[in-house]
A.B. asks: 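Let me give you the structure first, and then I'll get to my questions.
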Amino acid sequence: MPELPEVETTRRGIAPHCQGQHITRVTVRNGRLRWPVPDDLAARLEGQIIKSVDRRAKYLFLHLEGGAVIVHLGMSGSLRVITDDTPPLTHDHIELELQSGVILRFNDPRRFGCWLWADSPESHPLIASLGPEPLSADFNGPMLFRLSRSKQSPVKSFIMDNHIVVGVGNIYANEALFKAGIHPKRKAGRISLDRYHRLAEAIAETLSAAILMGGTTLRDFVNSDGKPGYFAQSLLVYGRAGEPCKECGTALKEIRMNNRSTVYCPRCQR
DNA sequence: AAAGATGCCTGTAAGC
DNA sequence: TGCTTACAGGCATCTT
């Protein structure tokens, strides 16, 4: 399930193959994604040059002259660089053929992803109201502290709120809260500046480490080469319910919050 | 206004 | 064995 590290891994994988390339052909086999793929997508893209591949939150932008394609991988999406004659398989919904002969192929079994066009992606409704990037200087303890005052919601929901900070999905929220020693159900408004400082650091560290390892593969994530990521072996709590805490040995607990699996150490996290 | 619930999907795993 | 059912989850959107 792609979270920010997986999306960044994908961006780094496809960018060298895309940058400066003419798009020679666009094929949409199944345009029924989270939102319908625009009918005129192929017409807009064919003949254009991909100027750059950028990321904002978990969205990828393929920047062209006069706008960008906004791609989201949803839950199960992947973008792969195809350099041989591997035929498209089930769930290979969209592909871009580039002048170099390389094919950029989008696969998404659950179809929670999207491919949209925006003349100005930064001001697109999906993008405009997003919070800061977790690996930027705009994200830090003091801003978390300030935005959390008067918040009654649990801290886990708070850090997964895209208006507060982007790119913190379920897996990494669990990991970062463990690292910071904060109980996932603690009310966001009742956490000190000091602890928010630790939390901001834990989030940045967790995401950076996962990017370095090429992301986390639990079930189906593959990078642009079709290979899995290796961060799963570094997970401290996620997927380890009932197993001993790596800090204190206490059995990790699993609860459900907002219908999402939440794992924590009842002793280390307060 | 804020917080919680819902729906979109299908592969995988568990249950009968 | 083969069917049915539950579950996984990002995130916009709806409901309370």
Side-chain angles (χ1 to χ4, degrees), chain A residues 1-11 29-37 55-60 70-79 89-94 106-116 118 121 123-131 133-134 144 146-177 184-191 203 207 210 215-222 226 228-229 231-232 235 237-242 254-263:
Chain A
M1 45 205 79
E3 293 200 27
L4 186 144
E6 291 74 37
V7 178
E8 179 61 21
T9 297
T10 299
R11 190 194 69 76
R29 295 194 186 80
N30 186 350
R32 288 170 301 156
L33 303 183
R34 190 177 209 288
W35 296 284
V37 174
R55 180 187 60 75
R56 175 77 174 96
K58 298 177 189 171
Y59 295 92
L60 290 171
I70 301 178
V71 177
H72 198 289
L73 301 179
M75 277 276 311
S76 58
S78 61
L79 271 174
L89 301 169
T90 326
H91 309 308
D92 281 339
H93 304 312
I94 300 178
F106 175 73
N107 179 287
D108 187 5
R110 272 158 268 190
R111 289 192 275 124
F112 281 12
C114 71
W115 278 60
L116 299 171
S123 53
H124 189 278
L126 289 171
I127 308 299
S129 61
L130 293 174
E133 287 287 323
L144 283 182
R146 183 167 45 80
L147 292 176
S148 64
R149 296 308 92 182
S150 82
K151 290 274 187 196
Q152 296 300 305
S153 54
V155 62
K156 183 171 181 244
S157 310
F158 177 65
I159 59 170
M160 289 180 70
D161 180 345
N162 273 339
H163 298 100
I164 306 301
V165 56
V166 301
V168 183
N170 191 47
I171 297 172
Y172 298 112
N174 279 296
E175 296 297 303
L177 286 167
K185 286 186 95 164
R186 177 165 290 277
K187 284 186 170 46
R190 299 197 43 213
I191 294 173
I203 288 171
L207 294 174
T216 303
T217 295
L218 290 175
R219 289 172 188 81
D220 41 21
F221 174 73
V222 290
F231 192 70
L235 295 174
V237 289
Y238 187 85
R240 297 192 61 243
E254 176 161 22
I255 56 174
R256 298 197 69 75
M257 289 180 64
N258 303 82
N259 221 23
R260 283 169 183 82
S261 166
T262 304
V263 187

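Hydrogens, waters and symmetry mates play no part in the numbers below; they use all other heavy atoms, side chains included. Within every chain, numbering begins at 1; the chains are lettered A, B, ... in the order of the sequence lines, protein sequences first and strands thereafter.
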A.B. asks: Can you tell me if A/Arg111 uses its side chain to pair, donor with acceptor, with the backbone of A/Arg32 under 3.5 Å?
C.D. replies: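 Yes, the answer is positive, given that a donor and an acceptor are paired below the 3.5 Å cut-off.
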
A.B. asks: Can you confirm whether A/Leu235 sits close enough to A/Glu175 that some side-chain heavy atom of one is under 4.5 Å from a side-chain heavy atom of the other?
C.D. replies: yes

A.B. asks: Would you compute the distance between atom CG of A/Leu177 and atom OG1 of A/Thr262 and round it to the nearest 0.5 angstrom?
C.D. replies: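 So the CG of A/Leu177 and the OG1 of A/Thr262 are separated by 9.0 Å.
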
A.B. asks: Roughly how many Å is it from CZ in A/Arg110 to C1' in C/dC7, rounded to a whole number?
C.D. replies: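 Those two atoms, CZ and C1', are 10 Å apart.
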
A.B. asks: When we call it a touch if two heavy atoms are under 4.0 Å apart, what does A/Tyr59 touch: a base, just sugar-phosphate, or nothing?
C.D. replies: sugar-phosphate

A.B. asks: Quick check on side-chain contact (heavy atoms from CB on, under 4.5 Å): which of A/Leu79, A/Leu60, A/Val71 does A/Val7 satisfy it with?
C.D. replies: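 The side-chain contact (heavy atoms from CB on, under 4.5 Å) with A/Val7 is passed solely by A/Leu60 among A/Leu79, A/Leu60, A/Val71.
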
A.B. asks: From C/dA8, C/dG10, C/dC11, pick the nucleotide closest to the side chain of A/Asn162?
C.D. replies: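 Closest nucleotide to the A/Asn162 side chain: C/dC11.
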
A.B. asks: Quick one: label A/Arg256 by what it contacts on the DNA or RNA (base, sugar-phosphate, nothing), any heavy atom closer than 4.0 Å.
C.D. replies: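 If one applies the 4.0 Å heavy-atom cut-off, A/Arg256 turns out to touch the sugar-phosphate alone, with no base involved.
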
A.B. asks: For the atom pair CZ (A/Arg260) and OG (A/Ser157), what is the distance rounded to the nearest 0.5 Å?
C.D. replies: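 Those atoms lie 8.5 Å apart.
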
A.B. asks: Which of the following nucleotides, C/dA12, B/dG11, C/dG10, is nearest to the side chain of A/Glu3?
C.D. replies: C/dG10

A.B. asks: Whether the side chain of A/Asn174 engages the backbone of A/Asn170 through a donor-acceptor N/O pair (distance < 3.5 Å, no angle test) should be reported.
C.D. replies: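 Between the backbone of A/Asn170 and the side chain of A/Asn174 there is a qualifying donor-acceptor contact (under 3.5 Å).
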
A.B. asks: Between B/dA3, C/dA12, B/dT10, spot the one nearest the side chain of A/Lys151, thanks.
C.D. replies: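 Looking only at heavy atoms from C-beta outward on A/Lys151, the closest nucleotide is B/dA3.
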
A.B. asks: Can you confirm whether A/Lys185 sits close enough to A/Ile255 that some side-chain heavy atom of one is under 4.5 Å from a side-chain heavy atom of the other?
C.D. replies: yes

A.B. asks: For nucleotides 4-7 of chain B, list the nitrogen or oxygen atoms of the protein found under 3.5 Å from its nitrogen or oxygen atoms, one pair per line.
C.D. replies:
unit_1	atom_1	unit_2	atom_2	d
B/dG7	N2	A/Arg34	NH2	3.2

A.B. asks: Expressed in angstrom and rounded to an integer, what is the separation of A/Leu116 atom CG from C/dC11 atom P?
C.D. replies: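 Those two atoms, CG and P, are 13 Å apart.
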
A.B. asks: Please name all residues satisfying side chain to side chain contact (heavy atoms under 4.5 Å, CB included) with A/Glu254, sequence neighbours left out, ordered by chain then number.
C.D. replies: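 Applying side chain to side chain contact (heavy atoms under 4.5 Å, CB included) to A/Glu254 gives A/Ala241, A/Ser261, A/Val263.
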
A.B. asks: If I take atom NZ in residue A/Lys156 and atom C1' in nucleotide C/dG10, what distance separates them, rounded to the nearest angstrom?
C.D. replies: 12 Å

A.B. asks: I need the CZ-C1' distance between A/Arg111 and C/dG10, as an integer number of Å.
C.D. replies: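 For the pair A/Arg111 CZ and C/dG10 C1', the rounded distance is 16 Å.
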
A.B. asks: Looking at A/Lys58, I'd like to know whether one of its side-chain N or O atoms comes within less than 4.0 Å of OP1 or OP2 on C/dC11.
C.D. replies: yes

A.B. asks: Rounded off to whole Å, could you give me the NE2-to-P distance for the A/His163 and C/dG10 pair?
C.D. replies: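 Taking NE2 of A/His163 and P of C/dG10, I get 17 Å after rounding.
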
A.B. asks: Once you round to the nearest 0.5 Å, how far does OG of A/Ser153 lie from CE of A/Met257?
C.D. replies: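 The CE atom of A/Met257 is 8.5 Å from OG of A/Ser153, to the nearest 0.5 Å.
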
A.B. asks: For A/Asp108 and B/dC8, give me the distance from atom CG to atom P, rounded to whole Å.
C.D. replies: 16 Å

A.B. asks: Which value, rounded to the nearest 0.5 Å, describes the distance between A/Ile164 atom CD1 and A/Ile159 atom CD1?
C.D. replies: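 Rounded to the nearest 0.5 Å, the CD1-CD1 separation comes to 11.0 Å.
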
A.B. asks: Please report the end-to-end axis angle for the helix from B/dA2-C/dT16 to B/dC16-C/dG2, five pairs per end, rounded to 10 degrees.
C.D. replies: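 Computed angle between terminal axes is 60°.
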
A.B. asks: Rounded off to whole Å, could you give me the NE2-to-P distance for the A/His124 and C/dC11 pair?
C.D. replies: 14 Å

A.B. asks: In whole angstroms, how far is the P atom of C/dC7 from the CE atom of A/Met257?
C.D. replies: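 Taking atom P of C/dC7 as the reference, CE of A/Met257 is at 18 Å.
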
A.B. asks: Check every atom of B/dT10, C/dC11, C/dG9 against the side chain of A/His91 and return the nucleotide holding the closest atom.
C.D. replies: B/dT10

A.B. asks: Under 5.5 Å between ring centres and under 30° between planes: true for A/Phe112 and the base of B/dC8?
C.D. replies: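 By the stated criterion, A/Phe112 and B/dC8 stack.
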
